[in-house]
Amino acid sequence: MNPLERPFFAHATACIDEPCSIGEGTRIWHFCHVAAGARIGRVCVLGQNVFIAGSAVLGDGVRVQNNVSVYDGTVIEDDVFLGPSAVLTNVVNPRAAIDRRAFLDRTTIRRGATVGANATVVCGVTIGRHAFIGAGAVVTRDVPDYALVTGVPARRAGWMSRHGHKLVASRDGLMRCPESGYRYERRGDVVRCLDLDEGAPLPAPRAAAVRHYRDLDAPEEEDAER
């Protein structure tokens with residue numbers, strides 16, 4: 001494909017093997033490698049040094065941060081976030097002397113989930129819709145929708161809203177997202193949003209994003225001079 005005719009942007013240092021499928025509006029940055037056969041959706045972002053294998057599938061709106069490899073057998077649905085240096089695997093018992101390319105274990109990351117920086121996802125699991133994997137966690141089993149999991153091995157530490165806030169039950173038993181106001185209800189070991197279907201995309205943002213930083217406690221004057 002002629003770079004001038006591509007419906008996506010790829011930095012000059014990126015390696016795009018053909019044939020592959022890359023959706024309109026996707027941006028592929030420095031030193032990425034997209035293998036032949038890969039399928040990448042619309043309006044995705046691949047940060048520096050990302051590898052996408054030939055049978056990997058990425059939906060629309062996926063954001064893959066620096067130094068992440070998405071190997072064969074991985075399916076990533078729409079609006080998933082993979083944090084810097086997150087690790088995905090595809091063979092549960094690798095040996096250098098044994099070719100197990102015919103015995104890959106599928107990993108599925110469902111719509112809207114977040115995998116934090118340096119987290120590891122052991123192959124063969126499904127991460128539920130809008131689940132949140134904490135930084136450095138090691139996921140060894142399936143993660144329910146909306147679950148917040150942390151630690152090694154990862155255990156559930158609460159529930160997260162679709163906007164990425166930890167949910168706390170109020171007096172009426174419902175959990176409300178402080179950002180969106182959406183209501184969530186726990187039904188046994190399952191959480192459901194009462195205001196938006198789990199498979200539906202979030203409504204369009206009300207305003208363009210503006211880069212800013214959360215306020216932190218001001219340092220002591222002595223520290224500020226260092």
Side-chain angles (χ1 to χ4, degrees), residues 1-91 94 96 99-102 104-123 125-127 130-133 135-139 164 201-202 204-205 208-213:
M1 181 186 297
N2 185 333
L4 297 178
E5 298 175 350
R6 289 172 172 171
F8 60 89
F9 167 81
H11 190 268
T13 60
C15 179
I16 311 294
D17 295 338
E18 296 182 8
C20 62
S21 175
I22 302 175
E24 182 179 359
T26 287
R27 291 173 288 166
I28 300 173
W29 291 103
H30 309 63
F31 312 115
C32 289
H33 180 191
V34 177
R39 288 184 288 161
I40 301 173
R42 299 174 57 255
V43 200
C44 295
V45 178
L46 308 186
Q48 295 186 38
N49 195 36
V50 167
F51 170 68
I52 308 296
S55 70
V57 178
L58 278 65
D60 297 338
V62 175
R63 300 182 68 87
V64 184
Q65 301 299 297
N66 297 356
N67 307 315
V68 175
S69 293
V70 181
Y71 296 115
D72 288 319
T74 304
V75 175
I76 298 175
E77 295 185 355
D78 296 350
D79 300 325
V80 166
F81 179 93
L82 300 180
S85 301
V87 176
L88 307 178
T89 63
N90 63 359
V91 176
D99 185 350
R100 290 204 165 99
R101 285 176 291 182
L104 302 181
D105 292 284
R106 178 177 294 246
T107 297
T108 301
I109 304 179
R110 305 204 64 190
R111 174 190 283 275
T114 290
V115 178
N118 291 301
T120 297
V121 179
V122 176
C123 55
V125 305
T126 295
I127 296 176
H130 317 296
F132 199 104
I133 313 303
V138 177
V139 177
L202 286 173
V210 177
R211 176 172 291 184
H212 67 281
Y213 296 90

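- Val121 approaches Val125 most closely through the heavy-atom pair CG1-CG2, 3.6 Å.
- For the atom pair Arg27 CZ and Leu46 CG, the distance stands at 10.5 Å (nearest 0.5 Å).
- A donor-acceptor pair under 3.5 Å is absent between the side-chain atoms of Thr108 and the main chain of Thr126, judged by distance alone.
- Qualifying salt bridge (Lys or Arg N to Asp or Glu O under 4.0 Å) partners for Arg39, counting only residues two or more places apart in sequence or in other chains: none.
- The shortest side-chain heavy-atom distance between Val50 and Trp29 does not fall under the 4.5 Å cut-off.
- The shortest distance between side-chain heavy atoms of Val115 and Val139 does not fall below 4.5 Å.
- The shortest side-chain heavy-atom distance between His11 and Phe31 does not fall under the 4.5 Å cut-off.
- The 12-atom threshold is not exceeded at OH of Tyr71, counting heavy atoms of other residues, nucleotides or ligands nearer than 6.0 Å.
- Pairing each heavy atom of Ile22 with each of Pro7, the nearest pair is O-CG, 4.3 Å.
- For the ring-ring contact (aromatic ring centres under 6.0 Å, His included) condition, the pairs that include at least one residue of residues 36-67, sequence neighbours left out, are His33-Phe51.
- The two residues Cys123 and Thr107 come nearest to each other via the heavy atoms CA-OG1, 3.2 Å.
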Original post:
Where do Asn49 and Asn67 land on the side chain to side chain donor-acceptor pair (under 3.5 Å) test, with the steps shown first?
Top reply: CA-CA 5 Å; Asn49 195 36; Asn67 307 315; 2.9 Å; yes

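- Once rounded to the nearest 0.5 Å, the distance linking CD1 of Ile133 with OG1 of Thr114 reads 8.5 Å.
- The nearest pair of heavy atoms linking Arg111 to Glu77 is N-OE1, 2.9 Å.
- Between Arg42 and Asp60, the shortest heavy-atom distance links the atoms N-OD1, 2.8 Å.
- Closest non-hydrogen pair, Cys44 versus Gly61, comes out as SG-N, 3.8 Å.
- Other residues, nucleotides and ligands contribute over 12 non-hydrogen atoms within 6.0 Å of the CZ atom of Arg100.
- Each of Val62, Leu88, Val70, Val75 was evaluated against Ile109; a single residue qualifies, Leu88, per the side chain to side chain contact (heavy atoms under 4.5 Å, CB included) test.
- Looking at Thr26, its side chain does come within 3.5 Å of a backbone N or O of Gly41 through a donor-acceptor pair.
- With sequence neighbours excluded, no residue forms a salt bridge (Lys or Arg N to Asp or Glu O under 4.0 Å) with Asp72.
- A donor-acceptor pair is defined here as one N or O able to donate and one able to accept, closer than 3.5 Å; such a pair exists between the side chain of Ser55 and the backbone of Gly73.
- You'll find the side chain of Leu58 reaches within 4.5 Å of the side chain of Val64, heavy atoms only.
- Remark: the backbone N or O of Gly47 is not paired with any side-chain donor or acceptor of Asn66 at under 3.5 angstrom.
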